[in-house]
Amino acid sequence: MLVTLRGNHRLLVRNLTLEDRNLSLIKQLSEVNQVLEAKVSERTERLARLAHTDKLTGLFNRYGLFDWHQKRIEAEPHTRTVVFFLDLDRFKQVNDALSHEAGDKVLTAIAQQIESVAPPQAKLARWGGDEFVLACQVTGDVNALVDEVSEAVSRAVDIPLNIEGTDLKLGVSIGWACHPDHDKTFSDIVHAADLATTEVKRSGRGRTLAFDETFAESLRRRFNLSRALSAAIGSDALYVAYQPIVCARTGALMSYEALCRWDHPELGTIRPDEFIRLAEDTDRIVALGNWVLERACADAVQWRRQGIAAKVAVNVSVKQLTLDTFALHLVSILSRTGLSPACLEIEVTESVFDDGHIEQVSHTIKHLKALGVHIHIDDFGTGYSSLSRLRHLNVSGIKIDQSFVADLSGQSRVIIESTILIARAFGLTIVAEGVESDEQRDLLRTLGVDQIQGYLLGRPQRLGDILGADTFSETAA
Ligand code: C2E
Ligand code: MG
Ligand code: MG
């Protein structure tokens, strides 16, 4: 009995000691747990912050913005928000001309400038690249808020920056939409504002535009056309039409301008204004332009073989001209087709004078001139090229834009006269396009234009029609 009692007592003491140890273990464990929990929650918070923050600017990123908006809607369900989608103009040139580091500095500086003018109830986020979203709570009149904010943002972006010793001036294109109008979610509203910005970019930049339902439709069409264009290049759907350019004095045929045409199997004929711009925006212009160039050179060889002594004028995009390989590519086209370089004129628009690529362009033009190819500046007068730059680039001629020809009785006449005066002094060939009437032809001839082109002299036509005609009748004479 005594033995049993003693045994029980030992057991009790051991149990109590164990329990005590357990308790202190549990206490220790719970302390460790608390530290762990604190660490985990701190980590989670940090991760959430990181996941919601744009690393470069320190602003919210798109997840941060959505989260911010969600919390606001929960707190104030009836609140309205205007979403501004901001896309910087000319930012790509900064990246191309300077460096990506310079580009980063520009983005950070611009972000600060925009943030400094944002209303107190607004939130600025970086959407990606050079795009920002500014969400503003509406407290009064929406239109007044839009005017005030877009003006302030434009002015803030307009402030010149000095990055790595270079003075830079950017602009901003702004699209906006209002949540919860149009029965859309917040994410749909940001997308709607983005569509409005795309429309601003497409139609000239630097403005503010409200979302309109038709933008979505036009974007869908662009997307479909853009995909179809890749397949069309090199197929029968694309072809080249040729429009005569004649001597203003005698009416003799001088050259044919190659103009690309696209007959879409379902959508019908797509206007060049639409698909060329689309090709420019998506960089498909290089493949398209190279295809036209080769086709046009081969066709010119055909008509020259038939005794039609006309040159061929081909429109070349700045995007083709700024490629290092362009001159080499042209040499191989000329050798494949057998066209003499002297029978080729290249038409480029005034955008070749943009500062961003002037060096590369003058280098390529020098090569082309050395080959014997002629360079004409197309749509002259619509851009910003100074005539002295023409001399610097060593071009052979200019093509006065048809908008001036259409308005010969007004201001345009003075512009044409002074353009001719200077172009003459530089020894440039002067061509006028868009000639539709006898009066226009006669006046241009009197003013001293060398060559003319337009519906009066002939519409663009297929190669078959040119080859079918014996010789070109001198309609302009
Ligand atoms: P552009 O090079 O200035 O071509 C002249 C445009 O004016 C052509 O329009 C032509 O059809 C039109 N036109 C000619 N005569 C008259 C006239 O008397 N009155 C009027 N109202 N218009 C006339 P199109 O063919 O629609 O081409 C539009 C633009 O598309 C061209 O302007 C050119 O910049 C571009 N383009 C066409 N084909 C090519 C190409 O193969 N490559 C590139 N890069 N651009 C091209
Ligand atoms: Mg042209
Ligand atoms: Mg033109």
Side-chain angles (χ1 to χ4, degrees), residues 229 232-234 237-246 248 254-263 269-300 311-323 326 330 333 344-352 361 374-383 385 395-408 416 419 429-441 444 449 451-463 475-476:
L229 186 58
I233 297 169
L238 278 192
Y239 67 93
V240 183
Y242 297 95
Q243 186 179 27
I245 300 174
V246 307
M254 306 302 290
S255 49
Y256 277 115
E257 177 175 8
L259 294 163
C260 192
R261 297 288 179 259
W262 183 13
D263 287 339
T269 302
I270 317 288
R271 290 168 40 125
D273 283 342
E274 185 175 13
F275 76 81
I276 294 288
R277 185 185 297 199
L278 187 70
E280 288 274 0
D281 291 349
T282 56
D283 287 350
R284 289 192 172 85
I285 194 67
V286 175
L288 176 87
N290 287 342
W291 177 80
V292 172
L293 196 55
E294 180 134 14
R295 182 75 265 143
C297 290
D299 289 350
K311 293 179 190 151
V312 64
V314 183
N315 294 286
V316 166
S317 157
V318 166
K319 287 202 170 144
Q320 289 171 268
L321 213 62
T322 44
L323 289 177
F326 182 74
L330 183 62
I333 287 181
L344 176 64
E345 284 169 359
I346 281 187
E347 293 190 8
V348 286
T349 58
E350 285 180 83
S351 51
V352 292
V361 166
H374 308 275
I375 318 285
H376 285 190
I377 303 295
D378 203 355
D379 306 337
F380 191 81
T382 54
S385 51
V395 300
S396 333
I398 56 165
K399 219 167 164 185
I400 297 170
D401 188 63
Q402 50 183 277
S403 58
F404 297 105
V405 174
D407 172 43
L408 272 178
I416 293 185
T419 304
T429 303
I430 304 155
V431 187
E433 63 181 11
V435 180
E436 294 180 350
S437 69
D438 291 335
E439 294 74 37
Q440 286 171 334
R441 178 197 58 201
L444 289 164
V449 165
Q451 297 174 11
I452 48 178
Q453 175 188 23
Y455 294 161
L456 178 73
L457 300 319
R459 294 206 172 230
Q461 53 190 308
R462 284 186 182 251
L463 176 70
T475 6

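The first residue in the sequence is number 1, and the count goes up from there. One-based numbering, in listed order, for ligands and for the atoms of each.
- The atom name of the N/O/S atom in Glu257 closest to the Mg ion (ligand 2) is OE2.
- Ion pairing between Lys311 and Glu257 fails under the 4.0 Å rule for side-chain N and carboxylate O.
- Residues Val431 and Ile400 are not in side-chain contact: their nearest non-hydrogen atoms beyond the backbone lie 4.5 Å or more apart.
- Between Asp379 and Lys399 there is no salt bridge, since no side-chain nitrogen of the basic residue lies less than 4.0 Å from a carboxylate oxygen of the acidic one.
- Side-chain contact check for Ile452 versus Arg441: some heavy-atom pair is nearer than 4.5 Å.
- Within the cation-pi definition used here (under 6.0 Å to the ring centroid, within 45° of the axis), Arg295 does not qualify as a partner of Tyr239.
- The shortest side-chain heavy-atom distance between Leu259 and Val240 does not fall under the 4.5 Å cut-off.
- Taking 2.8 Å as the limit, the number of protein N, O or S atoms around the Mg ion (ligand 3) is 4.
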Problem set entry | Gln451/Thr429 under side-chain hydrogen bond (donor to acceptor under 3.5 Å, both in side chains): CA gap, chis, key distance, verdict | CA-CA 8 Å; Gln451 297 174 11; Thr429 303; 5.5 Å; no
Present, as a list of atom pairs with distances to 0.1 Å, all nitrogen or oxygen contacts under 3.5 Å between ligand 1 and the protein.
| from | atom 1 | to | atom 2 | distance (Å) |
| --- | --- | --- | --- | --- |
| ligand 1 | 2 (O) | Glu257 | OE2 | 2.9 |
| ligand 1 | 2 (O) | Asn315 | OD1 | 2.9 |
| ligand 1 | 2 (O) | Asp378 | OD2 | 2.8 |
| ligand 1 | 3 (O) | Asp379 | OD1 | 3.0 |
| ligand 1 | 3 (O) | Glu433 | OE1 | 3.4 |
| ligand 1 | 7 (O) | Gln402 | NE2 | 2.8 |
| ligand 1 | 15 (N) | Gln243 | NE2 | 2.9 |
| ligand 1 | 18 (O) | Tyr455 | N | 2.8 |
| ligand 1 | 19 (N) | Glu436 | OE2 | 2.6 |
| ligand 1 | 21 (N) | Gln402 | OE1 | 3.3 |
| ligand 1 | 21 (N) | Glu436 | OE2 | 3.2 |
| ligand 1 | 22 (N) | Gln402 | OE1 | 3.2 |
| ligand 1 | 22 (N) | Tyr455 | OH | 3.4 |
| ligand 1 | 25 (O) | Arg261 | NH1 | 2.9 |
| ligand 1 | 25 (O) | Arg261 | NH2 | 2.9 |
| ligand 1 | 38 (N) | Cys260 | N | 3.1 |
| ligand 1 | 42 (N) | Asn315 | O | 3.3 |

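- Heavy atoms only, all atoms of each residue included: Gly234 and Trp291 are closest at CA-NE1, 3.6 Å.
- Looking at heavy atoms from C-beta onward, Ile375 lies out of side-chain contact with Glu347 at the 4.5 angstrom threshold.
- Side-chain contact of Gln461 with Gln243: a donor-acceptor pair under 3.5 Å is absent, judged by distance alone.
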